[in-house]
Amino acid sequence: MSFLIRASKHSFLPLGLAAFLLLLGCQPESVRQEKALRRQIVHELRQHSYVTAVPLARQLLQRAPRQERPRKQLVRAQIGLHDLEAAKQSLLEWRKAIASPSPRWNEYEGDIAREEHDFPTALSAWQKVVDVQPKNHRVLEKIALLHQTQQRWTDADRAWNTTLQIKETAGARINRAVCLRRLHQWKDALDDLHRARQLSADDPDVRRWSKLFQGLETLLPQIAEFDAKLAIIPDDASLLSDRALLFLRSNDPEMALDDAERAVKLAPWAMRPRLFQAIALIALNRGRECDGLAVRRPLRLESLTAEFLEGMSRLDSAISVERSNPEHFISRSWQLNEIAQPKLALQDAETAVHLDPKSAGALTELSYALSKLGRVEEAFAKVKQATELEPNSVTAWQYRGELETAGGNCLAAVDSLSRAIAIHQTIAALQKRAECYDRLGLHTRADEDHRAVQKLMASAAQ
């Protein structure tokens with residue numbers, strides 16, 4: 001009997017073993033395939049190969065529709081492809097499949113909203129994540145960066161403070177330094193900068209901002225003086241312009257732009273802050289915006305002499321007191337014509353003509369600006385009117401002669417330039433008249449003017 005039992009058992013072993021081995025042979029293959037898919041999608045996402053990651057995520061979802069991980073990976077890949085409509089649809093499907101999704105659902109909702117520039121929704125969604133996961137460093141950084149992007153410097157500073165309490169990184173330090181700089185909290189900003197250098201001196205952002213702060217540090221005592229003055233008189237356009245100039249000299253166009261724009265709003269008649277605004281915009285690669293300011297490019301701070309800047313400051317102040325004095329606008333128009341800003345010069349000259357229609361000086365500057373803008377016929381009409389109104393205006397006669405020379409009317413030009421020289425000899429007028437004489441074949445007369453030029457130059461050199 002025992003023999004039979006043993007024989008019976010042995011007779012059934014091959015069949016059970018075969019079934020067991022068959023089960024093992026099928027199940028591991030499916031598991032291996034799924035694991036391979038998971039490894040591959042993780043690799044593709046790390047490489048930002050979102051096009052490849054999307055179908056992989058969909059395959060995983062077919063295998064496990066109730067799992068969140070492939071849904072997270074699908075939405076992440078779709079956001080990476082900027083396929084926001086697909087990402088939003090995937091979020092809806094995620095919510096239908098899982099009634100209470102993980103906080104990552106809210107994070108992606110915020111990511112999509114940020115991409116669509118719906119910043120309030122983005123902040124609201126991310127805040128829901130932080131409410132559940134107060135130490136979620138990744139989401140806290142997103143909140144801080146969004147505040148920073150919107151130039152909400154106090155909120156951004158507060159958000160970076162929270163982030164740094166959880167995890168200290170060079171990026172967080174340097175970003176808080178940037179915010180503190182915009183809040184004019186110089187010492188704290190520099191402390192953060194130095195700490196960021198200690199944490200990661202070779203970080204590209206740390207190196208870039210270190211260079212900017214280096215320029216600021218050299219002028220920081222002077223900037224701090226203007227900070228103190230503006231704390232007392234916050235709406236002083238002249239002080240704001242002075243500080244904007246310091247920021248430009250320290251190679252910080254962002255800070256300069258803040259002050260310049262504010263000064264322009266406070267004193268729209270002032271020219272200095274408008275020029276500083278344009279220089280800052282050009283430095284920030286926003287040069288096209290200069291067209292709205294009537295500023296001609298290129299324009300660099302280095303091209304503006306100290307005398308010019310001082311003259312602009314003085315004239316801006318004079319105009320702020322005497323808005324109806326045409327002489328101030330004539331003087332400023334001349335200065336602007338000298339630095340090749342005819343549109344701005346034209347505005348001032350037109351204002352001066354409006355204030356005094358019979359001003360030869362205003363008409364002459366108007367003529368000069370018009371000619372530089374290619375409106376030659378209008379320019380000649382204005383300068384002709386100037387010579388008729390003021391026959392003793394050397395500037396008007398000289399410029400009239402220059403326009404006649406450019407137009408090929410050398411006989412008329414000689415007459416106009418001779419009138420100017422009779423009033424007051426200038427090197428420019430003599431040279432122009434000599435040019436006309438040569439064109440007319442009157443070389444002896446031209447030689448006389450050349451000798452007169454040499455005599456004046458020798459006299460000026462003594």
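Just so you know, residue 1 is the first one in the sequence shown, and it goes up from there.
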Main-chain N/O of Thr52 paired to Ser49 side chain as donor or acceptor, under 3.5 Å | no
Within-4.5 Å side-chain heavy-atom neighbours: Ser367 and Leu403 = yes
Heavy-atom count around Gln150 CD within 6.0 Å, excluding the residue itself: above 12?
-> yes
Is there a donor-acceptor contact under 3.5 Å linking the side chains of Gln341 and Asn337?
-> no
Begin from the C-alpha positions of Arg176 and Arg173 and carry the test side chain to side chain contact (heavy atoms under 4.5 Å, CB included) through to its verdict.
-> CA-CA 5 Å; Arg176 189 171 71 172; Arg173 282 283 183 179; 3.0 Å; yes
For the residue pair Ala244 and Ala256, what are the closest heavy atoms and their distance?
-> O-CB, 3.5 Å
Is a salt bridge present between Lys96 and Glu93, judged by a nitrogen-to-oxygen distance below 4.0 Å?
-> no
Does the side chain of Leu123 come within less than 4.5 Å of His147's, by heavy atoms?
-> yes
When you look at CZ of Arg58, are more than 12 heavy atoms from neighbouring residues, nucleotides or ligands closer to it than 6.0 Å?
-> no
Output, in order, the C-alpha distance, side-chain angles, deciding distance and verdict of side chain to side chain donor-acceptor pair (under 3.5 Å) for Thr405 and Glu435.
-> CA-CA 9 Å; Thr405 303; Glu435 179 186 335; 5.9 Å; no
Where do Arg181 and Asp252 land on the salt bridge (Lys or Arg N to Asp or Glu O under 4.0 Å) test, with the steps shown first?
-> CA-CA 11 Å; Arg181 150 182 159 270; Asp252 192 341; 2.9 Å; yes
Nearest-0.5 Å distance that lies between atom OG in Ser124 and atom CZ in Phe119 | 15.0 Å
State, yes or no, whether a side-chain contact exists between Leu140 and Asn136 at a heavy-atom distance under 4.5 Å.
-> no
Work out which heavy atom in Ala396 is nearest to a heavy atom in Val383; give both atom names and the distance.
-> O-CG2, 3.4 Å
Is there a donor in the side chain of Trp269 and an acceptor in the side chain of Asp316, or the other way round, less than 3.5 Å apart?
-> no
Shortest non-hydrogen contact from Ala156 toward Cys179 = CB-SG, 3.6 Å
Counting only N and O atoms by type, is there a donor-acceptor contact under 3.5 Å from the side chain of Ser303 to the main-chain atoms of Arg300?
-> yes
Is a side-chain N or O of Arg332 found less than 3.5 angstrom from the main chain of Asp348, in a donor-acceptor match?
-> no
Are Lys229 and Asp242 ion-paired here, with the side-chain N under 4.0 Å from a carboxylate O?
-> no
Taking atom NE2 of His354 as the centre, does the number of heavy atoms from other residues, nucleotides or ligands within less than 6.0 Å exceed 12?
-> no
Between Ser359 and Ile330 the two heavy atoms that sit nearest each other are OG-CD1, 3.3 Å
Rounded to the nearest 0.5 Å, how far apart are CZ of Arg272 and CG of Leu304?
-> 11.5 Å
So, Arg274 versus Gln277: side-chain donor-acceptor pair below 3.5 Å or not?
-> no
Looking at CG of Leu180 and CG of Leu193, how far apart are the two atoms once the value is rounded to the nearest 0.5 Å?
-> 11.0 Å
The reported gap from CG in Leu240 to CD in Glu261 (rounded to nearest 0.5 angstrom) is 12.0 Å
State whether Trp105 and Arg95 meet the cation-pi test: NZ (Lys) or CZ (Arg) under 6.0 Å from the six-membered ring centroid, and within 45° of the perpendicular axis.
-> yes
Given Gln127 and Asp131, is the side chain to side chain donor-acceptor pair (under 3.5 Å) satisfied, shown in steps?
-> CA-CA 6 Å; Gln127 189 58 51; Asp131 290 342; 3.1 Å; yes
Are side-chain heavy atoms of Leu299 and Ile282 found at a separation under 4.5 Å?
-> yes
Given side chains that start at C-beta, do those of Phe380 and Ser371 come closer than 4.5 Å, heavy atoms only?
-> no
Check step by step if side chain to side chain contact (heavy atoms under 4.5 Å, CB included) holds for Arg114 and Thr149.
-> CA-CA 11 Å; Arg114 177 190 56 193; Thr149 302; over 6 Å; no
Measure the acute angle between the ring planes of Phe247 and His184, then classify it against the limits of 30° and 60° as parallel, tilted or perpendicular.
-> perpendicular
Donor-acceptor contact present, side-chain Ser317 to main-chain Ser313, <3.5 Å | yes
Taking only Lys NZ, Arg NE, NH1 and NH2, and the carboxylate oxygens of Asp or Glu, determine whether Asp111 and Lys142 approach each other closer than 4.0 Å.
-> yes
Is the closest basic N to carboxylate O distance between Glu168 and Arg195 below 4.0 Å?
-> yes
Asn175 (side chain) donor-acceptor with Gly171 (main chain) under 3.5 angstrom | yes
Can you list the steps and then say if Arg297 with Asp291 is a side chain to side chain contact (heavy atoms under 4.5 Å, CB included)?
-> CA-CA 9 Å; Arg297 291 172 284 167; Asp291 294 342; 4.0 Å; yes
Side chain to side chain, His328 and Arg323, heavy atoms closer than 4.5 Å = no
Could you check whether the rings of Phe213 and Trp209 sit parallel, tilted or perpendicular, using 30° and 60° as the cut-offs?
-> tilted
Go through the steps for Arg71 and Glu68 under the test salt bridge (Lys or Arg N to Asp or Glu O under 4.0 Å), then give the verdict.
-> CA-CA 5 Å; Arg71 294 189 181 278; Glu68 276 201 297; over 6 Å; no
If we ignore angles and hydrogens, is there a donor and acceptor under 3.5 Å between the side chains of Glu107 and Trp126?
-> no
Show your reasoning for whether side chain to side chain contact (heavy atoms under 4.5 Å, CB included) applies to Leu275 and Phe308.
-> CA-CA 12 Å; Leu275 293 172; Phe308 170 82; 3.9 Å; yes
Can you tell me if CD on Gln198 sees more than 12 non-hydrogen neighbours from other groups inside 6.0 Å?
-> yes
Trp160 and Asp192: side-chain donor and acceptor closer than 3.5 Å?
-> no
Side-chain ion pair, Arg38 and Glu34, N-O less than 4.0 Å = yes
Closest approach of Ala386 to Thr364 (non-hydrogen atoms, all atoms of both residues) | CB-OG1, 3.6 Å
Judged by atom type as modelled, is there a donor-acceptor pair below 3.5 Å linking the side chain of Ser333 to the main-chain atoms of Phe329?
-> no
Sole candidate of Asp236, Asp258, Asp259, Leu248 that passes side chain to side chain contact (heavy atoms under 4.5 Å, CB included) when paired with Arg243 | Asp259
Leu344 side chain reached by Gln347 side chain, heavy atoms, under 4.5 Å | yes
Does Glu85 pair with Lys88 as a salt bridge, N-O distance under 4.0 Å?
-> yes
Taking atom NZ of Lys382 as the centre, report whether more than 12 heavy atoms of other residues, nucleotides or ligands fall under 6.0 Å from it.
-> no
Polar side chain donor-acceptor pair, Gln78 to Ser90, under 3.5 angstrom | yes
Counting N and O atoms only, with roles assigned by atom type, does the side chain of His43 sit under 3.5 Å from a partner on the main chain of Arg39, one being a donor and the other an acceptor?
-> no
Would you mind reporting whether Val453 and Met457 have side-chain heavy atoms less than 4.5 Å apart?
-> yes
For atom CZ of Arg63, is the number of surrounding heavy atoms from other residues, nucleotides or ligands below 6.0 Å larger than 12?
-> yes
Heavy-atom closest contact (Ala352 atom, Ala362 atom, distance) = CB-CB, 3.6 Å
